[in-house]
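A short worksheet on the structure shown next.
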Amino acid sequence: MKLIIAIIQPTKLEAVKEALTQVDVHRLTVLDCQGFGRQKGQTGNYRGTEFSVNLLRKVQLQIAVNEEFVKPTIEAILSGGRSGDSGEIGDGKIFVLPMDDCIRIRTGETGSEAI
């Protein structure tokens, strides 16, 4: 079992959800978050004054999957979350973490059956 954490652009959320549905991944948690990477924020204007925004709005997806779904899940996030054919700085990151256990609260099932 793996926990996949993806940080993506908010505008790509619907495309990623659609791509995940196509590979039979129907369970995910979505969190609003802020951060920056190589793009180091943005500069904007407010009432004629220039200001810097260091933290950009992002969306974090948390998806618990069994081993056979790891690769299709990653490919779905890549296809739905990438800007254009080659991508752009700020498209996001995917982290794959080992998951020791999963427990369904309703039934008490554990492991792969609980996912």
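Sequential numbering from 1 along the given sequence is applied to the chain's residues.
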Sub-3.5 Å donor-acceptor pair from the side chain of Glu67 to the main-chain atoms of Met1, do we have one?
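Pair found, side chain donor or acceptor close to backbone of Met1.
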
Verify same cluster id: Leu28, Val65 (apolar side-chain graph, 4.5 Å):
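Both belong to a single hydrophobic cluster.
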
Taking a hydrophobic cluster as the set of Ile, Leu, Val, Met, Phe, Trp and Tyr residues connected by side-chain heavy atoms closer than 4.5 Å, whether directly or through intermediates, do Val16 and Val23 fall within one such cluster?
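As far as the 4.5 Å side-chain criterion goes, Val23 and Val16 are connected within one cluster.
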
Taking salt bridge (charged side-chain N to carboxylate O under 4.0 Å, His left out) as the cut-off, I'd like each qualifying pair that reaches into residues 14-27, sequence neighbours left out, listed once.
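Matches after skipping sequence neighbours: Glu14-Lys17.
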
With salt bridge (charged side-chain N to carboxylate O under 4.0 Å, His left out) as the rule and sequence neighbours excluded, what pairs involving residues 97-115 come up?
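Qualifying pairs, neighbours excluded: Arg104-Glu109.
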
Do you know which two heavy atoms are closest between Met99 and Ile115, and how far apart they sit?
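Nearest pair, atom of Met99 first, then Ile115: CE-CD1, 3.5 Å.
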
Check Val59 against Pro10 and note the closest heavy-atom contact, atom names and distance.
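Reported closest heavy-atom pair: CG2-CA, 3.5 Å.
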
Which pairs would a plain distance check flag for residues 72-98, meaning a side-chain donor or acceptor within less than 3.5 Å of a matching protein atom at least two apart in sequence or in another chain?
{"from": "Thr73", "atom 1": "OG1", "to": "Phe69", "atom 2": "O", "distance (Å)": "2.6"}
{"from": "Ser79", "atom 1": "OG", "to": "Glu75", "atom 2": "O", "distance (Å)": "3.4"}
{"from": "Ser79", "atom 1": "OG", "to": "Ala76", "atom 2": "O", "distance (Å)": "3.1"}
{"from": "Ser83", "atom 1": "OG", "to": "Asp91", "atom 2": "OD1", "distance (Å)": "2.7"}
{"from": "Asp91", "atom 1": "OD2", "to": "Ser83", "atom 2": "N", "distance (Å)": "3.0"}
{"from": "Asp91", "atom 1": "OD2", "to": "Glu88", "atom 2": "N", "distance (Å)": "2.8"}

So, using side chain to side chain donor-acceptor pair (under 3.5 Å) as the criterion, who are the partners of Ser112 when residues are at least two apart?
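Counting only residues at least two positions away or on another chain, Ser112 forms a side chain to side chain donor-acceptor pair (under 3.5 Å) with Asn66.
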
Can you find a pair of side-chain heavy atoms, one from Val30 and one from Leu13, that are under 4.5 Å apart?
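Heavy-atom side-chain distance check passes, below 4.5 Å.
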
If I take atom CG from residue Asp32 and atom CD from residue Gln60, how far apart are they, to the nearest 0.5 angstrom?
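Here the rounded value is 10.5 Å.
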
I need the Ile4 CD1 to Gln62 CD distance, nearest 0.5 Å.
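If we round to the nearest 0.5 Å, Ile4:CD1 and Gln62:CD are 11.5 Å apart.
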
Leu61 and Ile7: CA distance, side-chain angles, deciding distance, side-chain contact (heavy atoms from CB on, under 4.5 Å) verdict:
CA-CA 6 Å; Leu61 307 177; Ile7 310 292; over 6 Å; no

Check side chain to side chain contact (heavy atoms under 4.5 Å, CB included) between Gln34 and all other residues, then give those that pass, not counting sequence neighbours.
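Leu55.
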
